[in-house]
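Because the structure is predicted, anything quoted here is derived from the model rather than measured.
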Amino acid sequence: MSSTSGFPSRRAVLTGAAAVTASSVLPTAAASAATARTPLTREEHRVVVIGSGFGGGVAALRLAQAGVPVTVLERGRRWPTGPNAETFPRVSGLDKRALWHGTLPDAVKPLARLIGTPLNFEPYVGLLEPVLGENILSVCAAGVGGGSLVYQGMTLQPSEAVFNTWLPEELDWRRMNEVHYPRVARMLRPATAPDELIATPNYRAARIFADRVRKAGYGLEKIPMPVDWDYALAELRGEMKPSYTNGDCALGVNNGGKHSVDVTYVKEAEATGRVTVATHHDVTSVARAADGRWDVHVDRTDDHGVVREQKILTTRALIMAAGSVNTSKLLVRAGATGAIPDLPDGLGEGWGTNGDRIYAWTNLWEDFGGEQGGPVVYGSKAWDDPYTAHTVIQASLPPLGINTRTTMLVGFGVSPDRGRLRYDSATDSVSLHWPSGGDAAAHRAIHRRVTKIAQGLGALTDTNALVNSTWHPLGGAPMGTVCDLDGRVRGQRGLYVLDGALIPGTTGACNPSMTIAAVAERAMDSLTAQDVGTVI
């Protein structure tokens, strides 16, 4: 399973790229015949990590550095980049690489029709999978690097007041501020866009947003991004095809220069010689083995999702890092079916959206330009009151052939509202449930700020009113109830959660990547010191 700890790009919501439901690769009879011919392999491993995003990448590297051999299971594929590569699909020309095995669900078709996106692609181990639940569409990522492949990359950490209001104070913000957040920053190497780049015609949308924020009387900051901005400057010099400078990087940056998890944590982990990343390994279930170890049931597929081999991996230590939704689904089903007895009460609870909100801003007074450079340059924080804290950023649209007077505004904020994941015995599946009107207070605060920034002749389209979606799912196996602060599942020796599922619903008016990684770094300090050699 891939990690969604991170967190996919927001602009893709208008492309429909993330709106795919699971579909069968083969008709039922053919699938049954194929299953009968599929070989079954059994393996034993010291540690198995499910997912290769922010949580899984951190866990793999720190365990390897502690001398522990690790097997990382990733359901998706690798996406190697380099100048002028065409590894990732371009939003301006979507194809099967954008989607995880399937077609657009009915709930998202209005957005797809809005921009003329095809409604079907052939099955492929693509980048983005939606989970359509009650009152919510949650987007999950697949591929080595997880959500870091397709997230915008805003590398933000909450203030002490916001952090302590919404996350357990026992995490110790001051120590995380001194040790763990900086450790993540050293790996991801965030930097703000240089002024010489912002001054170019391609970044006119960013400059207009900055001017509007100032005129509205709000604070404005450059947003740190895990990007080598020299790549963007090289694009403007004509040294490589545009990717950053035309905003066509919502589904991965083909030119490279983005410090995603696959080229930072995972690359360094593999360089130790102790980490094996197994791609195309789709985890179907987890269970407690008869001897107290863990069984991980896996379908090894090809690029089109056809199962080529079934595996049962047995391990003494299992780290769940498949992202909030997929980690929670695996554990909720295992608990409901008895595959893992005595899982903690509260499993499946504490799920939140991070207060996500996405707007299309059409401005009839000013032209944003035919090419809007990205990924993100500026943001405006409203963090003075930790109970209403939120952040608004401008995210450039890729070249979709629509008018040049439209760009995107994105907000995320704190919210006490929570959903849950539930098991349905009739379908042997786990579904996501979100309260009607959830995050209403957070959305009102964001809307007031966005409306004031975008005031004037034009229009704001709240895409959440068309499809209520989140790209930043959090919770489902939260610390404090299901897990301790270091991700140990209570009462389950050798079972850990180290991804967005561990975070109780919000990361404090920030996109979650930095905090998920920092919490994982903090946890690995404890696990390598206390659990290696005994449990692990």
Side-chain angles (χ1 to χ4, degrees), residues 1-8 47-63 70 72-76 129 131 138-151 167 171 180 184 260-262 265-266 269 277 283 286 296 317-332 334 347-354 421 430 432 470-489 492 495-507 510-524 526-527:
M1 304 288 294
S2 70
S3 170
T4 62
S5 332
F7 308 87
V47 176
V48 170
V49 177
I50 304 175
S52 62
F54 285 101
V58 170
L61 174 58
R62 301 312 176 197
L63 284 173
V70 180
V72 177
L73 303 180
E74 170 54 55
R75 64 176 175 168
E129 174 203 18
V131 175
S138 179
V139 183
C140 307
V144 177
S148 75
L149 297 173
V150 290
Y151 79 144
L167 293 163
L171 284 173
H180 301 108
V184 175
S260 48
V261 171
D262 56 322
Y265 279 101
V266 172
V277 177
V283 176
V286 295
V296 183
L318 176 59
I319 296 177
M320 308 293 295
S324 166
V325 171
N326 285 315
T327 284
S328 300
K329 279 188 167 186
L330 286 168
L331 291 177
V332 167
L347 181 62
E349 306 285 347
W351 189 88
T353 71
N354 207 47
L421 293 100
V430 177
L432 178 60
T470 178
W471 298 75
H472 299 143
L474 296 166
M479 60 178 68
T481 54
V482 177
C483 301
D484 69 10
L485 298 182
D486 300 322
R488 301 178 186 92
V489 178
Q492 301 290 335
L495 182 62
Y496 305 84
V497 172
L498 283 177
D499 61 6
L502 184 63
I503 308 295
T506 180
T507 50
C510 298
N511 60 313
S513 55
M514 188 72 163
T515 292
I516 290 174
V519 167
E521 288 279 17
R522 179 190 180 281
M524 291 313 301
S526 173
L527 300 186

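- Taking the side chain as every heavy atom from C-beta outward, R522 and V519 never approach each other to under 4.5 Å.
- Within the 3.5 Å criterion, the main-chain N or O of A322 finds a donor-acceptor partner in the side chain of T327.
- One N or O on the side chain of S324 and one on the backbone of G475 form a donor-acceptor pair closer than 3.5 Å.
- Rounded to the nearest 0.5 Å, atoms CD (E521) and CG (L61) are 7.5 Å apart.
- For L331 against A477, the heavy-atom pair with the smallest separation is CD1-CB, 4.4 Å.
- Of all heavy-atom pairs spanning I516 and L474, the tightest one is CD1-CD2, 4.0 Å.
- One finds the CG atom of L498 at 13.0 Å from the CZ atom of R62 (value rounded to the nearest 0.5 Å).
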| task | Walk me through it: do F54 and T515 pass the test side chain to side chain contact (heavy atoms under 4.5 Å, CB included)? | result | CA-CA 10 Å; F54 285 101; T515 292; over 6 Å; no

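- Taking the side chain as every heavy atom from C-beta outward, W351 and S138 approach each other to under 4.5 Å.
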Exercise. Going through the distances and angles, do K329 and L421 end up as a side chain to side chain contact (heavy atoms under 4.5 Å, CB included)?
Worked result: CA-CA 7 Å; K329 279 188 167 186; L421 293 100; 4.0 Å; yes

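- Summarising the geometry of S52 relative to G143, their closest heavy-atom pair is OG-O, 3.4 Å, with the distance given to 0.1 Å.
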Run the side-chain hydrogen bond (donor to acceptor under 3.5 Å, both in side chains) check on T507 and N354 step by step: do they pass?
CA-CA 7 Å; T507 50; N354 207 47; 3.2 Å; yes

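- Side-chain contact check for L527 versus R488: some heavy-atom pair is nearer than 4.5 Å.
- The shortest heavy-atom contact between V70 and L63 is CG2-CB, 3.7 Å.
- The shortest distance between side-chain heavy atoms of T481 and E349 does not fall below 4.5 Å.
- Taking all atoms of both residues into account, the shortest heavy-atom contact from A523 to D486 is CB-O, 3.5 Å.
- Under the 4.5 Å side-chain criterion, counting only non-hydrogen atoms from C-beta, V286 is in contact with I50.
- Contact annotation: the side chain of V131 approaches that of C140 to within less than 4.5 Å [non-hydrogen atoms, C-beta and beyond].
- L495 places a side-chain heavy atom less than 4.5 Å from the side chain of M320.
- Atom OH in Y496 sits 13.0 Å away from atom CG in L502 (nearest 0.5 Å).
- Counting heavy atoms from C-beta on, the side chains of L167 and I503 come closer than 4.5 Å.
- The two residues V261 and S148 come nearest to each other via the heavy atoms N-OG, 2.9 Å.
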